[in-house]
Asker: 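Sending over a structure as structure tokens; questions will come in a sec.
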Amino acid sequence: MKPQLIIPVVLVVLLGLLGSMFVVREGQVGLVLNLGRVARTDIAPGLHFKIPLIETARVFDRRFQANEFPPERSLTSERKDVSVDFVAIGFIVDAADFYRATGGNEELVTARLAPIIKESLRNEINSQTLTELVSGNRAELIERQLPGINQGAKTLGMQVVDIRFKQIDLPTDSDVISQVYDRMRAERRQVAAALRAEGEEQARIVRAEADREQTVLLAEAERDAQKLRGEGDAEATRIYAEAANRDPAFFAFQRSLDAYRRSFASGDAVIVLERNDPFLQYMRSDR
């Protein structure tokens with residue numbers, strides 16, 4: 001082979017090799033088209049090969065995607081108008097069906113899912129009152145509608161896992177807003193009353209425990225005080241008895257002086273006694 005032909009041949013081979021390889025990253029799914037027809041589908045992440053010029057590879061994001069929809073106006077069971085703004089969260093489950101339904105254009109997903117979801121939600125909204133729609137359990141509402149929605153989404157090769165209401169616009173001429181606020185205030189009052197009752201109960205328990213401990217402490221203190229007083233009285237009696245046994249006459253004299261001191265402590269006391277009363281014996285004699 002001539003040297004001047006080697007470089008073009010190598011370039012053609014390299015381009016052919018590069019054109020025959022494609023990569024599917026983690027979180028993606030691959031699809032191979034043979035002359036515009038689906039040849040291989042649901043290709044897992046990794047390095048893959050295809051026939052250059054004949055086969056074409058398409059790669060789609062298989063992770064959860066949030067599709068936002070414009071507000072949809074519906075009527076409640078009371079024939080009241082509401083505007084519901086919602087978001088659908090889904091992912092691709094069949095790459096072939098997804099390609100056939102959307103041509104591989106992920107922007108068409110919202111347009112194709114919109115009528116499926118809106119029709120299902122409209123039927124649910126039409127069966128509820130405005131109050132139920134605003135303050136009811138929306139998770140149960142969505143759970144009831146997901147099986148029917150996924151029947152339609154299956155034709156697009158997708159599965160919807162959740163639908164979230166972003167906003168519900170209420171009619172300005174209704175009293176639902178005030179009713180909702182009243183209900184919220186009533187619930188808050190109920191919670192506050194329960195908390196106050198619980199606090200009062202705890203306070204009663206604490207006070208009762210404190211009163212019980214106070215009673216126990218006072219009783220123990222009184223018991224110890226009586227014990228100490230008894231011991232003191234017993235010691236005083238012992239001392240007095242010992243002093244009396246040592247010198248009975250002096251002890252009697254000391255006791256009489258104490259009696260005189262207490263009797264005439266005020267300075268104006270008058271005591272009427274007989275002349276020979278024993279109480280005056282130490283005033284009549286110096287013995």
Side-chain angles (χ1 to χ4, degrees), residues 64 76 78 82 84-87 89 124 128-144 146 161-170 172 174-248 250-273 278-279:
F64 288 117
T76 65
E78 307 156 302
V82 292
V84 181
D85 192 5
F86 60 92
V87 176
I89 302 174
E124 186 70 28
Q128 295 198 5
T129 64
L130 191 55
T131 303
E132 292 172 343
L133 181 63
V134 173
S135 59
N137 191 334
R138 298 180 188 176
E140 293 181 357
L141 184 152
I142 298 301
E143 186 177 356
R144 288 194 297 267
L146 277 180
V161 296
D162 196 9
I163 297 175
R164 298 294 179 90
F165 289 150
K166 294 174 59 180
Q167 185 175 353
I168 297 179
D169 292 332
L170 305 175
T172 57
S174 71
D175 58 352
V176 175
I177 295 179
S178 60
Q179 292 177 2
V180 171
Y181 288 158
D182 291 341
R183 179 175 178 178
M184 292 174 63
R185 281 192 290 267
E187 291 176 351
R188 298 284 76 77
R189 293 194 194 98
Q190 184 177 2
V191 172
L195 291 175
R196 281 195 296 269
E198 183 178 352
E200 292 174 357
E201 179 65 21
Q202 293 294 329
R204 284 195 294 269
I205 293 174
V206 172
R207 284 194 294 267
E209 182 66 19
D211 293 341
R212 186 188 68 81
E213 292 181 357
Q214 179 186 15
T215 302
V216 171
L217 290 175
L218 291 176
E220 291 178 350
E222 181 62 24
R223 179 199 62 195
D224 294 341
Q226 290 179 358
K227 180 179 179 181
L228 292 175
R229 283 195 294 269
E231 293 176 351
D233 293 342
E235 182 66 15
T237 302
R238 185 189 65 78
I239 292 173
Y240 285 140
E242 184 178 351
N245 291 331
R246 288 183 179 180
D247 192 344
F250 177 78
F251 180 75
F253 176 70
Q254 181 67 30
R255 292 293 300 272
S256 297
L257 291 180
D258 291 338
Y260 296 157
R261 188 180 298 109
R262 288 193 297 270
S263 299
F264 302 103
S266 60
D268 56 355
V270 176
I271 300 176
V272 178
L273 298 172
F279 182 72

Asker: Run E201 and R204 through salt bridge (charged side-chain N to carboxylate O under 4.0 Å, His left out) and show every step you take.
Answerer: CA-CA 5 Å; E201 179 65 21; R204 284 195 294 269; 2.6 Å; yes

Asker: Does CD in E143 sit with more than 12 non-hydrogen atoms of other residues, nucleotides or ligands closer than 6.0 Å?
Answerer: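 No, the 6.0 Å shell around CD holds no more than 12 heavy atoms from other groups.
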
Asker: CD/E222 to NZ/K227 distance, rounded to the nearest 0.5 angstrom?
Answerer: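 The distance works out to 14.0 Å.
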
Asker: May I ask you to check whether over 12 heavy atoms, not counting those of Q226, lie within 6.0 Å of atom CD?
Answerer: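 More than 12 within 6.0 Å, yes.
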
Asker: I need the L195 CG to E200 CD distance, nearest 0.5 Å.
Answerer: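 The CD atom of E200 is 11.5 Å from CG of L195, to the nearest 0.5 Å.
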
Asker: Once rounded to the nearest 0.5 Å, what's the spacing between atom CZ of R189 and atom CZ of R196?
Answerer: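 Between atom CZ of R189 and atom CZ of R196 there are 10.5 Å.
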
Asker: Using side-chain heavy atoms (C-beta onward) and a distance below 4.5 Å, is I163 in contact with V87?
Answerer: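 Of all side-chain heavy-atom pairs linking V87 with I163, none is under 4.5 Å.
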
Asker: Look up atom CZ in F86 and atom CG in D162, then write down how far apart they are to the nearest 0.5 Å.
Answerer: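 These two atoms lie 12.5 Å from each other.
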
Asker: Charged N to carboxylate O below 4.0 Å: is that the case for R223 and E220?
Answerer: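 No.
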
Asker: Tell me if the CZ atom of R144 is crowded by more than 12 foreign heavy atoms within 6.0 Å.
Answerer: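 Yes, because the 6.0 Å sphere around CZ of R144 holds more than 12 heavy atoms from other groups.
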
Asker: Any side-chain heavy-atom pair from L228 and E231 closer than 4.5 angstrom?
Answerer: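 Side-chain contact under 4.5 Å: yes.
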
